[in-house]
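Below, chain A is the first sequence line, B the second, and so on; all start at residue 1.
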Number of protein chains: 2
Amino acid sequence: MFISTSEHGVDAKNRVSVPAGYRAVLRNDPHDAIYLFPHFSGAYLEGGGELFIQQYRADIARLGRYDPLGQVMEVAVLGAARRLDFDSTGRITLPKALIEHAGISGKASFVGCGSRFEIWDAEGQATREVEMRQAAAKMMQDPEQVARLGGGQDLAALVGNSPALSDLLKRGDT
Amino acid sequence: MFISTSEHGVDAKNRVSVPAGYRAVLRNDPHDAIYLFPHFSGAYLEGGGELFIQQYRADIARLGRYDPLGQVMEVAVLGAARRLDFDSTGRITLPKALIEHAGISGKASFVGCGSRFEIWDAEGQATREVEMRQAAAKMMQDPEQVARLGGGQDLAALVGNSPALSDLLKRGDT
DNA sequence: TTGTTTCCCATAAAGTCCCATGATATCCCA
DNA sequence: TGGGATATCATGGGACTTTATGGGAAACAA
């Protein structure tokens, strides 16, 4: 699971160290690499491992070849995505197009989001984090939102019913 | 898996370099070649490897010999498709008919779509990409579309239940 | 011949690998 | 529990390899 936020410098060759904790998550993947794409809904990159990109692929494939939503997502996600391999010290080289989309200058901020992570320009990220915390607090005052979120009451049941999920949790590399 | 978008010049001999990442996908194929055909629903080419063309073949075969749809697809896809071999530096030579169908002049844009890719004239592709990203952002604001897309909730369970899919992910050449 | 296609070599730019170094974190033992 | 030894991590720079692309020679067709 990708968690925590950390900043890393982007050098003259556009290289940036991927947080060690994230790399540990990817260690079991077929290739030692991450997938990244410029997100369509904001100036940031979304990324993850093999599972992350295959989820998008599965979602798109499920819609079928002639669905307009699927066609849009194909270009916006798969067409824009890049596979970036690590060098021997755990860095990736960010393509120019991705750097420009996210407006990264000097420092990049990695934000873990569970099964995926986001990369933002470090500059704005600090304030964004505070805003998100405030937004969360506000939403928790709305009973409807609280109800939608649930509150984790049923995870135990979920695990009990799903050998797959149970294995996944035991394996611990998710 | 074919992902990312890149532009490549088409020279006086109609040669064009296939992105290195795409060639890596095809390395396990029986012949080191791609299949391409002028797509019936727009001014672009659709292409892929052995698996890509065999999927079309299987779909058509399933319809049976006397199905009008099958007959149409046979001509429109298999009849129009070409197998193009790579030269020693990873280029293919685009036949005139394909260049004309896609309106390619000078530069061609390869767009990865997972199990297949598209080739567009680079001129229009740049704007198309921006439009698609905007369309995606807009669609994500419509709860109905979001619901249709799903959001990958079930891939993990899917993988857990399917040894075949799990192997596929591990093999990593999809 | 003339035009077309295929193969091979040359080159510049881009990307990747490898080693070095300083900083940080972790471990171990008194 | 403090402090030094060790391992891990982040980052810089140079050497090397791959990739993209241009051009020329050889094979083939009309």
Side-chain angles (χ1 to χ4, degrees), chain A residues 2-27 29-36 45 47 81-100 104-112 117 119-122 125 173, chain B residues 2-27 31-34 36 47 82-100 104-112 117 119-123 125-126:
Chain A
F2 301 107
I3 56 166
S4 110
T5 295
S6 55
E7 286 185 13
H8 294 281
V10 179
D11 68 15
K13 292 177 177 177
N14 292 337
R15 292 180 303 185
V16 61
S17 291
V18 174
Y22 290 18
R23 263 180 283 154
V25 175
L26 302 166
R27 208 147 9 231
D29 274 12
H31 347 259
D32 201 26
I34 67 174
Y35 295 87
L36 267 185
L45 313 176
R82 302 288 304 258
R83 199 189 91 184
L84 303 176
D85 295 300
F86 294 112
D87 70 12
S88 59
T89 64
R91 284 177 293 193
I92 53 171
T93 300
L94 292 173
K96 268 202 201 73
L98 298 190
I99 287 187
E100 281 165 15
I104 292 169
S105 57
K107 284 205 157 196
S109 196
F110 289 72
V111 183
F117 57 85
I119 302 179
W120 295 76
D121 181 53
Q125 177 54 24
D173 54 359
Chain B
F2 300 105
I3 56 166
S4 111
T5 295
S6 54
E7 287 185 12
H8 294 282
V10 179
D11 68 14
K13 295 175 181 176
N14 292 337
R15 293 179 303 185
V16 62
S17 291
V18 174
Y22 290 18
R23 264 179 284 154
V25 175
L26 301 166
R27 237 189 293 277
H31 345 261
D32 200 25
I34 67 174
L36 267 185
R82 304 285 304 259
R83 199 190 85 179
L84 302 175
D85 296 301
F86 295 112
D87 71 11
S88 60
T89 64
R91 285 177 292 195
I92 53 172
T93 300
L94 291 172
K96 269 203 200 74
L98 297 191
I99 288 185
E100 280 165 16
I104 292 168
S105 58
K107 284 205 157 194
S109 197
F110 290 71
V111 183
F117 58 85
I119 302 179
W120 295 76
D121 180 53
E123 195 71 17
Q125 175 54 24

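A donor-acceptor distance shorter than 3.5 angstrom exists from the side chain of B:Arg23 to the backbone of B:Val18, with no hydrogens or angles considered. Looking at A:Asp29, its side chain never comes within 3.5 Å of a backbone N or O of A:His31 through a donor-acceptor pair.
In the displayed structure, B:Arg82 atom CZ is contacted under 6.0 Å by at most 12 heavy atoms of other residues, nucleotides or ligands. Few gaps surround CD on B:Glu7; more than 12 heavy atoms of other groups in view lie less than 6.0 Å from it.
Projected onto DNA chain C by closest heavy-atom contact, B:Ser88 and A:Thr93 fall at different nucleotides, the more 5' of which corresponds to B:Ser88. Positionally, the nearest nucleotide of DNA chain D for A:Pro19 lies more toward the 5' end than for the other of A:Pro19 and A:Lys13.
Phosphate contact (OP1/OP2 of C:dG15, side-chain N/O of A:Arg91, threshold under 4.0 Å): absent. Under 4.0 angstrom from either OP1 or OP2 of D:dT21 there lies at least one side-chain N or O belonging to B:Ser17. Here A:Arg15 does not reach the OP1 or OP2 of C:dC17: none of its side-chain N or O atoms lies under 4.0 Å away.
Here the CG atom belonging to A:Leu36 is positioned 5.0 Å from the CD1 atom belonging to A:Ile92, to the nearest 0.5 angstrom.
Here the C1' atom of nucleotide D:dT8 and the OH atom of A:Tyr22 are 18 Å apart, to the nearest Å. Atom pair A:Asp85:CG and C:dG15:C1' shows a separation of 11 Å (rounding to whole Å applied). The interatomic distance linking A:Arg83 (CZ) with C:dT16 (P) rounds to 10 Å, in whole Å. Residue B:Asp87 contributes atom CG, which lies 18 Å from atom P of D:dA27 at whole-angstrom precision. Rounded to a whole Å, the CZ atom of B:Phe86 is 19 Å from the P atom of C:dT5. One atom, CG of A:Asp32, and another, P of C:dT16, lie 14 Å apart when rounded to the nearest Å. The nearest whole Å value for the distance from the CZ atom in B:Phe110 to the C1' atom in D:dT19 is 14 Å. Look at CG on A:Asn14: it is 12 Å from P on C:dT16, rounded to the nearest Å.
Looking at B:Tyr22 and B:Ile34, their side chains never come closer than 4.5 Å, going by heavy atoms from C-beta outward.
Among the protein residues, A:Thr89 comes within range of the nucleic acid bases, having at least one heavy atom under 4.0 Å from a base atom. Within 4.0 Å of B:Asp11, counting heavy atoms only, lie sugar-phosphate atoms of the nucleic acid but no base atom. Looking at heavy-atom distances under 4.0 Å, B:Val18 makes contact with sugar-phosphate atoms alone, never a base.
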> Can B:Thr5 and B:Phe117 be said to form a side chain to side chain contact (heavy atoms under 4.5 Å, CB included), step by step?
Replying inline: CA-CA 9 Å; B:Thr5 295; B:Phe117 58 85; over 6 Å; no

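Taking five base pairs at each end of the helix from C:dG3-D:dC28 to C:dA30-D:dT1 and finding the rotation axis that steps the C1' atoms of four pairs onto the next four gives two axes whose angle is 30°, to the nearest 10°.
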